[in-house]
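Only one structure is covered here, and it is reproduced in the block below.
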Amino acid sequence: MPRPIVTLTTDFGDADYYVGAMKGVVLDVCPDTEIIDLCHNVLTYDILDAAFTIAQSYRWFPLRTVHVVVVDPGVGTQRRPLIVSGDRHYFVGPDNGVFSFIYPEQEKLTVYHITGDHYFHQPVSNTFHARDVFASVAGWLAKGVEARQFGDPIEDYVKLTVPKPQALNEKSWKGMVLKVDRFGNVITNIAAADCPALFAEPTPPFKLSAGGKEITKLVPNYAEGGQGEIFALLGSSGYLEVATNRGGAAQLLNLNRGADVTLQLG
Amino acid sequence: MPRPIVTLTTDFGDADYYVGAMKGVVLDVCPDTEIIDLCHNVLTYDILDAAFTIAQSYRWFPLRTVHVVVVDPGVGTQRRPLIVSGDRHYFVGPDNGVFSFIYPEQEKLTVYHITGDHYFHQPVSNTFHARDVFASVAGWLAKGVEARQFGDPIEDYVKLTVPKPQALNEKSWKGMVLKVDRFGNVITNIAAADCPALFAEPTPPFKLSAGGKEITKLVPNYAEGGQGEIFALLGSSGYLEVATNRGGAAQLLNLNRGADVTLQLG
Amino acid sequence: MPRPIVTLTTDFGDADYYVGAMKGVVLDVCPDTEIIDLCHNVLTYDILDAAFTIAQSYRWFPLRTVHVVVVDPGVGTQRRPLIVSGDRHYFVGPDNGVFSFIYPEQEKLTVYHITGDHYFHQPVSNTFHARDVFASVAGWLAKGVEARQFGDPIEDYVKLTVPKPQALNEKSWKGMVLKVDRFGNVITNIAAADCPALFAEPTPPFKLSAGGKEITKLVPNYAEGGQGEIFALLGSSGYLEVATNRGGAAQLLNLNRGADVTLQLG
């Protein structure tokens, strides 16, 4: 039997005790767990950044992995704690939209409002449910307790509007910057499926406007572009990216998350 | 049998090979160990920050966890290597005070001066005992060697004065900032037990002076405060915090570790 | 049987989903793997920094550890994916020189060009071979597939020139800065073996010129130096370092990677 896996995605950074305390609670409940750090540098309080991060990571993990996701500015208020039971994985976190990218990708989906507080680490603090609620529940899930034991299914969980590109006409779309990565690659919200014609062979003429520049070149990988040249490519996340070869396109174009981009074919 | 757990807390940061080398040594001695990163961004050379970090993390882990803590500016000098055997856990690190917050919390406490250098990774370097001494000893502890095998118990281990708030009179205390976290929350050294009256229901009138501001509002959690408003709350670490809702109180008040705060009741 | 170990060294940083996705792929192939983060903050695109980092870390790990190293600006081009089978360990990564420090340290060395794409995670993206190729291959190696199953041995793998100090005459050497660590310690490329006379007892008179300063003191450990004083020592990596006691020598001397240093005996 492989060991249960619990992954952690938070905005807790790497200089505090918060992540360590969470890991302790998981292991105290289920000492056999393999704990996997996914990312602890989600932008602080940024639910959409957390939603994007877990959406790009979870699918690669084995069946029955438990993913804990905590960006939780509403900790201690009435916002509900959730277990999301999807096709192959479990997700544990606050009901504030952090799972918004995941819900539409599941064929079988049940969302439970966690109410069984005997699965919490008592006493529960007002400000650290990552430790007292979510880590503890993840430990019990890892240990084999069934999701439905933790509370009742709900339907009215929070679904944030995942920003989709807007078709301006048959040949142009208005999108936005979803994420800037460590390399300064600018990940837009324009997916391959939003504009399949762009990815035909040979590449049709196009204009991608971003940060005041017009990009007209599509390359298959970063190294195909000239140094300093700004180009587009289909990134590994499935979205159109603006990038340069070994340089930060985001910095060169002064592009941040949320910035507008426009794609025009022909 | 669950696998042995070894946690790591250091000031080695995340861009060097130091943490990787430590992990290798632990696993080479005891390949079955689960290695847990607690925190590698303790403030450099800052023994008190390490002491606070491990004190807030260790308690959540299962029985017999081995916690390695290395902030060690005196590496290579006569400062002694220690194993601290507490109520439920082991701690391994230099005798410079990094365990100062932990000693008073143990009912059963034995501190061993490690002298058995056959448990070290030979040859021992002058500047990297985290790898050659502490990681290796942690591996042998994880493998089941008893703490007393590594050396003799000592009584004169280094205990730093953990800063306690000072009672100015029956209704006022002078404290200090113990830690600023990633969110800019200001964790003071005033524990709930230092001033139980403050946490009575309803909250009595009080004035918390910090960074030139007077804070007079106590809330149960961050989201209860208005945006931009500075308030106090009892944090998950058990200490009084100065915070704002989704903003950095430390930055707003220009408060750093060590700064004075004063609490006045009535 | 201990569990298989896979270590990860990348320039992916800690705020993106890339590392998480890699971990998922490894675990999906071989759920029993213990995944160890070595370092994800290698300088971006910096093959030599990755080469140094893995060279300083790998040796401490147990027999048969699989080390994945990905700094891969040429991802998606014709650069080959490799398995390096050394004396005790396996290495997986791109054929761009990241293993340059490791090749000369192996007595038995076979380098395989990975061509068996049934070991890849399909479909393989153009820009994220860390996930689709290297993590997947590492998982299969961890699962016990033999290295020769992945492709044919090659001899013409990329070996970068590891910068060695240059002997100017019998008593002086020109070296360079290989790495600046978190503490501002300046690690040069002058190894103990390059100049054994320097490390004789008593230390001979010497002059180490770096950043416009002349350093004439050699100490056994950081704490032996006076605060603010710049000195030399033999670091735990086996190289001559320029350092101060609890301060950043690199910052004080304005020394960065690649800067010249000169050592003169007598």
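Reminder, nothing fancy here: chain letters follow the sequence lines and each chain counts from 1.
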Check your understanding: Does the ring centre of B:Phe61 sit less than 6.0 Å away from the ring centre of B:His67?
Key -> yes
Exercise for review: Would you mind checking if C:Glu34 and B:Arg3 are paired as a salt bridge, meaning a charged N to carboxylate O distance below 4.0 Å?
Suggested key: yes
Check your understanding: Is there a side-chain contact between B:Arg148 and B:Tyr112 (heavy atoms, below 4.5 Å)?
Key -> yes
Practice item. Using a heavy-atom cutoff of under 4.5 Å, enumerate the residues of residues 119-130 of chain B that contact chain C, numbered in order, or state 'none'. Key: B:His121, B:Ser125, B:Asn126, B:Thr127, B:Phe128
Review point. Run the side chain to side chain contact (heavy atoms under 4.5 Å, CB included) check on B:Phe12 and B:Val70 step by step: do they pass?
Key: CA-CA 9 Å; B:Phe12 293 159; B:Val70 187; 4.1 Å; yes
Point to revise | Interface residues of residues 17-28 of chain C facing chain B - heavy atom cut-off under 4.5 Å | key: none
Check your understanding: Roughly how far, to the nearest 0.5 Å, is the OG atom of B:Ser136 from the CH2 atom of C:Trp60?
Key -> 10.5 Å
Check your understanding: Could you name the residues of residues 183-199 of chain C that have a heavy atom within less than 4.5 Å of a heavy atom in chain B?
Key -> C:Phe183, C:Ile187
**Study point:** Chi angles and distances behind the side chain to side chain contact (heavy atoms under 4.5 Å, CB included) call for B:Asp14, C:Asp14
**Key:** CA-CA 9 Å; B:Asp14 39 31; C:Asp14 40 31; 3.6 Å; yes
Practice item. Tell me, out of B:Thr33, B:Asp132, B:Asp32, who's got the most heavy-atom pairs with chain C below 4.5 Å. Key: B:Thr33
Review point. Hey, which of B:Val29, B:Val75, B:Asp16 has the most heavy atom pairs under 4.5 Å with chain C?
Key: B:Asp16
Point to revise | Which atoms of C:Thr7 approach chain B - backbone, side chain, both or neither, heavy atom under 4.5 Å | key: neither
Exercise for review: Name, in order of residue number, those residues of residues 35-58 of chain C that have a heavy atom at a distance of less than 4.5 Å from a heavy atom in chain B; otherwise write 'none'.
Suggested key: C:Ile36, C:Asp37, C:Leu38, C:Cys39, C:His40, C:Asn41, C:Phe52, C:Thr53, C:Gln56, C:Ser57
Review point. Are C:Val92 and C:Val66 close enough that some pair of their side-chain heavy atoms sits under 4.5 Å apart?
Key: yes
Exercise for review: Report yes if some heavy atom in the side chain of B:Arg64 is under 4.5 Å from a heavy atom in the side chain of B:Tyr90; otherwise report no.
Suggested key: yes
Review point. Using a cut-off of under 4.5 Å for heavy-atom pairs, which of C:Pro220, C:Gly13, C:Ala223, C:Pro62 has the most such pairs with chain B?
Key: C:Pro62
Check your understanding: Under a 4.5 Å cut-off applied to non-hydrogen side-chain atoms, are B:His118 and B:Phe150 in contact?
Key -> no
Practice item. Just do the ring-ring contact (aromatic ring centres under 6.0 Å, His included) check on B:Tyr157 and B:Tyr103 with the steps written out, would you? Key: CA-CA 10 Å; B:Tyr157 46 87; B:Tyr103 295 135; 4.5 Å; yes
Practice item. Pick whichever of C:Gly238, C:Pro2, C:Gly235 has the most heavy-atom pairs under 4.5 Å with chain B. Key: C:Pro2
Point to revise | Heavy-atom closest contact (B:Val180 atom, B:Leu255 atom, distance) | key: CG2-O, 3.8 Å
Point to revise | Minimum side-chain heavy-atom gap C:Pro163-C:Leu178 below 4.5 Å | key: yes
Exercise for review: Run the numbers on B:Trp140 and B:Glu146 for side chain to side chain contact (heavy atoms under 4.5 Å, CB included), then give the verdict.
Suggested key: CA-CA 9 Å; B:Trp140 288 109; B:Glu146 288 179 62; over 6 Å; no
Check your understanding: Step by step, would you call B:Ile83 with B:Leu141 a side chain to side chain contact (heavy atoms under 4.5 Å, CB included)?
Key -> CA-CA 9 Å; B:Ile83 295 174; B:Leu141 271 175; 4.1 Å; yes
**Study point:** Min side-chain heavy-atom separation B:Ile154-B:Leu82 under 4.5 Å
**Key:** yes
Point to revise | Main-chain N/O of C:Lys108 paired to C:Asp87 side chain as donor or acceptor, under 3.5 Å | key: yes
Review point. Of the backbone (N, CA, C, O) and the side chain (C-beta and beyond), which part of C:Arg88 lies under 4.5 Å from a heavy atom of chain B, both, or neither?
Key: side chain
Practice item. Keeping the roles fixed (side chain from C:Ser100, backbone from C:Leu160), state whether a donor-acceptor pair exists under 3.5 Å. Key: yes
Revision key, fill the gap. d(B:Asn96 CG, B:Arg79 CZ) to nearest 0.5 Å is 7.5 Å
Exercise for review: Kindly give the heavy-atom pair with the smallest separation between C:Ile102 and C:Phe91, and that separation in Å.
Suggested key: CD1-CE2, 3.4 Å
